[in-house]
2 protein chains.
Amino acid sequence: MAYELYYWPSTPGRGEFLRLALEAGGADYVDVARRKTGMAKMMKLMNGPRVTQPPFAPPFLKSGKLLVSQTANILMYLGGELGLAPATVAGKLWANQLQLTIADLVKEAHDTHHPVATSLYYEDQKKEAKRYSENFRKERIPKYLGYFEKVIARNPSGDRYAVGARLSYVDTSLFEVIEGLNYAFPKAFAKQAKKYPLLMALHRRVREKPLMAAYLASSRRLPYDQVGIFRHYAELDG
Amino acid sequence: MAYELYYWPSTPGRGEFLRLALEAGGADYVDVARRKTGMAKMMKLMNGPRVTQPPFAPPFLKSGKLLVSQTANILMYLGGELGLAPATVAGKLWANQLQLTIADLVKEAHDTHHPVATSLYYEDQKKEAKRYSENFRKERIPKYLGYFEKVIARNPSGDRYAVGARLSYVDTSLFEVIEGLNYAFPKAFAKQAKKYPLLMALHRRVREKPLMAAYLASSRRLPYDQVGIFRHYAELDG
């Protein structure tokens, strides 16, 4: 039975981390909300009065009777299902830790354009966004990317992947982070990228995997926009 | 062998979610950084050049050779070790999902006083903090607590606990959220608490567990302060 992925249909956002894992794992899945009547189905799972384990927000995944939400939690589940995570308990915890650190970075990337409230327009928090973004570019991007560079460098199985000797969901997520930061902060990112050669090599390695290359060239891959997590506003790029 | 907990020694912060689980599970543990030379030991695990799986930030836990970080990840591990989580895969994923949603709330609670940058003083982002906090009090607290109230109400095992029929780490974490919000936003919280009777009953139930009551009365429980996640600034309480 195909996995059912539920996420807002028009933007990569947090759902993209799941799409990448599903595609890298060669999974059979349906991107439900992008189909006719899919949005209604998604809202029913979120707000239906009989859902005993309701998601707080998209994305979420249905796998048979199982309903799983929170991006890192879904990736942990898919990692085991699709062979995109280490097999040992210690390895699984390590992959999950890295994914949670990626999630923290993603939240901060979102807050560069929404530092006051998600419910307000960007235009109503532009001043705060500028201040937040300056700190994000100068302190936070280097702190996070420097950390992931170190993680790859210290991988006992070699520096081709973040965890172990094979592709994992941590790698596809790091790929998406690089893509997103490069879209949102092209000037700032171009200046910094050379400091993270292993991370950039990993990004290329993920992009060139046959399943990834096919996905990225397809219409299943949504373009970045101005409503998702990663947005480009020139005034926030320094 | 005792678990080794590593967290900043002077504040409850994110470490408190782990202390509560360790205490509720009757675990043998050492709160390393609160001991003499403990801080040096903590910094070495974070920054030592030979740590192959370095934490991004405290808290982290050592259990024998295993080094685990990210609060929700550590709780997932401890949940299994201490019998503070469901035994099934589906139950574990559900508990982890709820904990990740709690983590999102905790991050937002932190951002009420640090909406621009963690590296700046509160005094340098007071204006933004006021705006952020207003939205947090009016929209975010009701959204999160309303969600957890619903989760408890729909628990097929009854509405005494968040997950299943027994105490889990999700309950001790919800306890800490209630404590923290009540400390940080006493006025706003007092007005809202009555809307969440099941959550407030769960809070009392956790507090009255013998192991919890003993812990809360001990010097191991640190008081809230003005350097941690939950801080009280009257001007942010509306």
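Chain naming here is simple, since letters A, B, ... match the order of the sequence lines and numbering starts at 1 in each.
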Check whether [X] gets within reach of chain A through its side chain, its backbone, both or neither, counting any heavy atom under 4.5 Å.
X: B:E139; result: side chain
X: B:V68; result: side chain
X: B:L120; result: side chain
X: B:D104; result: side chain
X: B:V51; result: both

Next item on the list: Just give me the residue among A:E134, A:R131, A:K143 that pairs up with chain B most often, heavy atom to heavy atom, under 4.5 Å.
Entry: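 When all of A:E134, A:R131, A:K143 are compared, A:R131 has the most.
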Working to the nearest 0.5 Å, report the span between [atom1] of [X] and [atom2] of [Y].
X: B:K92; Y: A:Y77; atom1: NZ; atom2: OH; value: 15.5 Å
X: A:R154; Y: B:Q53; atom1: CZ; atom2: CD; value: 11.5 Å
X: A:Q97; Y: B:F60; atom1: CD; atom2: CZ; value: 10.0 Å
X: A:W94; Y: B:T52; atom1: CH2; atom2: OG1; value: 7.5 Å

Notebook entry, point to check: For B:K150, does the NZ atom have more than 12 heavy-atom neighbours from other residues, nucleotides or ligands under 6.0 Å away?
Noted result: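 Enclosed: over 12 neighbouring heavy atoms sit under 6.0 Å from NZ of B:K150.
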Notebook entry, point to check: Counting heavy atoms not belonging to B:K130, are there more than 12 under 6.0 Å from its NZ?
Noted result: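 Not buried by this count: 12 neighbours or fewer within 6.0 Å.
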Note to self: Could you tell me if the side chain of A:K127 sits less than 4.5 Å from the side chain of B:K127, heavy atoms only?
What the structure shows: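 Of all side-chain heavy-atom pairs linking A:K127 with B:K127, at least one is under 4.5 Å.
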Checklist line | Side chain to side chain, B:L100 and A:L100, heavy atoms closer than 4.5 Å | finding: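 Yes. Closest side-chain heavy atoms under 4.5 Å.
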Notebook entry, point to check: Where on A:P156 is there a heavy atom nearer than 4.5 Å to chain B: the side chain, the backbone, both, or neither?
Noted result: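 Looking at A:P156, just its side chain touches chain B.
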Next item on the list: Examine whether an atom of A:L93 lies under 4.5 Å from a heavy atom of chain B, and if so say whether it belongs to the side chain, the backbone or both; otherwise answer neither.
Entry: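 Both parts, backbone and side chain.
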Note to self: Parallel, tilted or perpendicular, judged at 30° and 60°: which one describes the rings of B:F56 and A:Y144?
What the structure shows: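 Correct class here is parallel.
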Checklist line | CA sep, side-chain torsions, deciding dist, call: A:D111, B:D111, side chain to side chain contact (heavy atoms under 4.5 Å, CB included) | finding: CA-CA 10 Å; A:D111 287 358; B:D111 288 358; 3.9 Å; yes
Next item on the list: Specify which of B:A57, B:S69, B:P115 makes the most heavy-atom pairs with chain A at under 4.5 Å.
Entry: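 With the most close heavy-atom pairs to chain A, the winner is B:S69.
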